[in-house]
*Asks:* 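Here it is, the structure, as structure tokens.
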Amino acid sequence: MLAVLLLAACGGGGGDASDGGSTSPPPGTQPSGNEPKPTRDQAFRFLTQATFGPTDAEIQSVMGLGYGPWLDQQFAKPTVSHRALWDAADARIRAADPTPGAGQREVLDGFYRQALSGEDQLRQRTVFALSQIFVISMQGSEVGDHERGVAGYLDMLGAHAFGSYRQLLEQVARHPMMGIYLSHLRNQKENPATGRVPDENFAREVMQLFSIGLVQLNADGTVRKDAAGKALETYAGEDISGLAKVFTGWSWYGPDTSDARFWGGNSKSQDVDRQWQPMQAYAQFHSASEKRFLGQTVAAQTGAPASLKTALDALAGHPNVAPFIARQLIQRLVTSNPSPAYVQRAAAAFGGAGDMKALLRAVLLDDEARKAEPAADPAFGKLREPVLRLTALLRAFGARSDSGSFLIGATDDPGTQLGQTPMRAPSVFNFYRPGFVPPNSLMAAQGLAAPEMQITHETSIVGYANYLRSGVDRGFGQSGLDGKATRRDVQPDYTQVLTLAPQPAALVDEVSQRLLGPQANAAFKRELQTAVESVVVPALKADGSNKTQVDTALRNRVLAAVLLSAVSPEFVVQK
């Protein structure tokens, strides 16, 4: 199976292209308003990219509205606060026992509640994508012990997902969870007497990962090179050192800027909302020396807010930002290897103002994303990451939470679970790198990246299949809030498909339509029908004495159809 995935999971047009002037992108990236409404298959593909998984209701909505109006509707949807959900869970837990309180599981409960049942699908799907660009992680105790702050971080990403990239970047830079994760919370000015220099961690990553990248880019995302063919770097060591001074003197939110508040001190004296409120400036700890970076100079004695504004304006206004961010959002939503023309069109929509809403519209409505025959292009698409496979499966079968809390929890273990948990990436470089190329593969020979393949291997493939084998049958997650319920909390609803179990062809059609959409090719459906028919259903006796046996066989047909579809390349690879 691994070999099949290695060959199948690829993206759209080319890896790192050589230098050379960018060509003008062809027109036609936005609908004119006169296009025919999408077919069911087209709506299914669109929703696979724009949501946590197609449902019949959303498919009908897209078919009725059209792509553009559906996006407009999603942009206007209200959102539910992750932090409010966490706070409610914390209050419930403490009412029963004041000692433990809510933790990481309640952050994940909120994530899955909104992913599986939230109406603001585009916003939450974008939040998940942004959380893999602007990474913080609960794997370490530094962030993992501030669960309420992580819920607040998700809310911050959601609040700015459709706004200005410049505002998003500032909120990321000032969020205390990012401050903890990349160590610029409580970052102090230099001290020549002791040899202390400002911490450079965030200064490095805000350039490398959050804004401009390591190398200069053309407008279409291809790499700029010098006369010798060497990639031109975007920044040097002195830019990191200069920028690090900007990020000194920032620490916990509160009503004053005392030394005690800067250091954190006794938690009882700290502001109750400091885990999610933006960090504030402490003048006594901010570097007063001159700061030079990316061709900018901040004069000596300039305060922390003004220094930060200059730095973030310089980063957000850099010509690399549009293609750098555009390409990564295309990768997260549509295809691993977008063509340079696709990247350029999306980057142009993003523009100098960094319009996130315009960027999302361009990414999802581009001709390349909406191509008529995606299956005919073997280099188009992406490997669907494990979390998105799970959410698509559960949404396809109308899964509900017995507790109302969606107790799926952490699924880190690649041998027995998904090998991926939201907000628990192993490092600031996410679960996988945007340019990851599977070694010794056909994709490597063709110069194609497959980011998600970095967490796809023999162990994780078997672990995923076993996790689904159990979950498809018994449900997913913890057994109730207290762990003592009679069944697992999140249960797919097979009521309707069970009525089709006596008819293997009809059952295969229904399951394929829900999980695979247009990727349910005839050859796969024939194989799936053969597998379903191998589950023999005995004839019901006149006295009904074998009804339990009959019902079990019919249910096993459904389970076989769902499981085999969910582990197939047709499902795992998004086209």
Side-chain angles (χ1 to χ4, degrees), residues 130 133-134 156-157 159-176 178-179 182 184-185 187 189 198-219 221 224 232-251 253 278-283 285-329 346-359:
L130 293 175
I133 298 173
F134 305 98
M156 178 274 294
L157 293 177
H160 297 279
F162 301 154
S164 154
Y165 167 81
R166 169 64 177 78
Q167 293 175 341
L168 171 62
L169 186 63
E170 178 163 352
Q171 292 305 306
V172 167
R174 292 185 58 190
H175 200 283
M178 182 60 75
L182 291 184
H184 62 294
L185 183 144
N187 191 10
K189 62 186 176 183
D199 187 291
E200 296 182 349
N201 200 18
F202 183 73
R204 179 184 305 106
E205 306 307 353
V206 74
M207 290 191 288
Q208 179 180 348
L209 301 176
F210 304 163
S211 60
I212 63 177
L214 291 171
V215 297
Q216 296 181 32
L217 303 175
N218 294 305
R224 294 186 62 198
L232 297 169
E233 296 180 348
T234 52
Y235 61 87
E238 54 267 27
D239 296 304
I240 298 173
S241 299
L243 196 57
K245 295 179 182 179
V246 170
F247 299 110
T248 56
W250 294 92
S251 193
Y253 165 86
M279 292 187 291
Q280 64 188 20
Y282 291 75
F285 293 99
H286 181 69
S287 173
S289 63
E290 183 181 78
K291 308 171 184 73
R292 293 178 178 269
F293 51 86
L294 301 175
Q296 303 289 319
T297 299
V298 177
Q301 307 305 318
T302 302
S307 296
L308 182 69
K309 182 180 185 306
T310 299
L312 296 184
D313 285 350
L315 289 172
H318 194 286
N320 260 34
V321 169
F324 185 75
I325 297 297
R327 189 174 193 276
Q328 289 194 72
L329 269 182
F350 183 80
D355 188 331
M356 295 294 295
K357 186 184 294 185
L359 173 58

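Please read all numbers here as calculations on a predicted model, not as lab measurements.
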*Asks:* Less than 4.5 Å apart, any side-chain heavy atom of Phe162 and any of Met356?
*Replies:* no
*Asks:* For Ser164 and Ala353, which heavy atoms make the closest approach, and how far apart are they?
*Replies:* OG-O, 4.1 Å
*Asks:* Nearest 0.5 angstrom please: Ile325 CD1 to Leu359 CG, how far?
*Replies:* 8.5 Å
*Asks:* Are His160 and Met156 packed together at the side-chain level, in the sense that at least one heavy-atom pair is separated by less than 4.5 angstrom?
*Replies:* yes
*Asks:* Got Lys245 and Ser289 here, is their nearest side-chain heavy-atom distance under 4.5 Å?
*Replies:* yes
*Asks:* Between the side chain of Arg174 and the main-chain N/O of Met279, is any donor-acceptor distance below 3.5 Å?
*Replies:* yes
*Asks:* Using side chain to side chain contact (heavy atoms under 4.5 Å, CB included), reason through Val321 and Tyr165 one step at a time and then give a plain yes or no.
*Replies:* CA-CA 9 Å; Val321 169; Tyr165 167 81; 3.5 Å; yes
*Asks:* Under the criterion side chain to side chain contact (heavy atoms under 4.5 Å, CB included), I'd like the reasoning laid out for Leu243 against Val206: C-alpha separation, chi angles, the key distance, then a yes or no.
*Replies:* CA-CA 10 Å; Leu243 196 57; Val206 74; 3.9 Å; yes
*Asks:* Check whether any side-chain heavy atom of Met207 lies under 4.5 Å from a side-chain heavy atom of Leu294, and answer yes or no.
*Replies:* yes
*Asks:* Calculate, to the nearest 0.5 Å, the distance between atoms OG and CD belonging to Ser287 and Gln301 respectively.
*Replies:* 9.0 Å
*Asks:* Under 3.5 Å, side chain of Asp313 to main-chain N/O of Thr310, donor-acceptor pair present?
*Replies:* no
*Asks:* Show, in sequence, the C-alpha distance, side-chain angles and deciding distance for Glu170 and Arg166, and conclude whether the side chain to side chain contact (heavy atoms under 4.5 Å, CB included) test is met.
*Replies:* CA-CA 6 Å; Glu170 178 163 352; Arg166 169 64 177 78; 2.9 Å; yes
*Asks:* Does the side chain of Asp239 come within less than 4.5 Å of Arg292's, by heavy atoms?
*Replies:* no
*Asks:* Quick check: do Leu130 and Leu168 have side-chain heavy atoms less than 4.5 Å from each other?
*Replies:* yes
*Asks:* State the CD-CD1 distance between Gln208 and Ile240, to the nearest 0.5 angstrom.
*Replies:* 8.5 Å
*Asks:* Determine, stepwise, if the pair Gln280 / Tyr282 fulfils side-chain hydrogen bond (donor to acceptor under 3.5 Å, both in side chains).
*Replies:* CA-CA 7 Å; Gln280 64 188 20; Tyr282 291 75; 3.2 Å; yes
*Asks:* Looking only at heavy atoms, what is the nearest atom pair of Ala304 and Ala281, with distance?
*Replies:* CB-CB, 3.7 Å
*Asks:* Looking at Leu214, is its backbone amide N or carbonyl O close enough to the side chain of Thr234 to form a donor-acceptor pair, meaning the two atoms are under 3.5 Å apart?
*Replies:* yes
*Asks:* Rounded to the nearest 0.5 Å, how far does CG of Asn218 lie from CZ of Arg224?
*Replies:* 6.5 Å
*Asks:* Do Thr297 and Glu290 have side-chain N/O donor and acceptor atoms under 3.5 Å apart?
*Replies:* no
*Asks:* So, for Gly242 and Lys291, which heavy atoms are closest and what is the spacing to 0.1 Å?
*Replies:* O-CB, 3.8 Å
*Asks:* Under the criterion side-chain hydrogen bond (donor to acceptor under 3.5 Å, both in side chains), I'd like the reasoning laid out for Glu200 against Ser241: C-alpha separation, chi angles, the key distance, then a yes or no.
*Replies:* CA-CA 7 Å; Glu200 296 182 349; Ser241 299; 3.0 Å; yes
*Asks:* I'd like to know if the side chain of Glu233 pairs up with that of Tyr235 as donor and acceptor (distance under 3.5 Å, no hydrogens or angles considered).
*Replies:* no
*Asks:* On a heavy-atom basis, which atom in Ala347 and which in Ala219 lie closest, and how many Å separate them?
*Replies:* CB-O, 3.9 Å
*Asks:* Quick one: does Pro323's side chain get under 4.5 Å of Phe350's, heavy atoms only?
*Replies:* no
*Asks:* Quick one: does Thr302's side chain have a donor or acceptor within less than 3.5 Å of a partner on Ser307's backbone?
*Replies:* no
*Asks:* Look only at the side chain of Asp199 and the backbone of Asn187, and say whether a donor-acceptor pair between them is shorter than 3.5 Å.
*Replies:* no
*Asks:* With a 4.5 Å cut-off on side-chain heavy atoms, are Ile133 and Leu209 touching?
*Replies:* no
*Asks:* Pairs in or reaching into residues 285-315: which pass ring pair (Phe, Tyr, Trp, His ring centres under 6.0 Å), with residues at least two apart or in two chains?
*Replies:* Phe262-Phe285, Trp263-Phe285
*Asks:* Does anything in residues 200-219 form a ring pair (Phe, Tyr, Trp, His ring centres under 6.0 Å)? List the pairs, not counting sequence neighbours.
*Replies:* Phe134-Phe210, His184-Phe202, Phe202-Phe247
*Asks:* For the side chain of Asp355 and the backbone of Ala349, is there at least one donor-acceptor N/O pair under 3.5 Å apart?
*Replies:* no
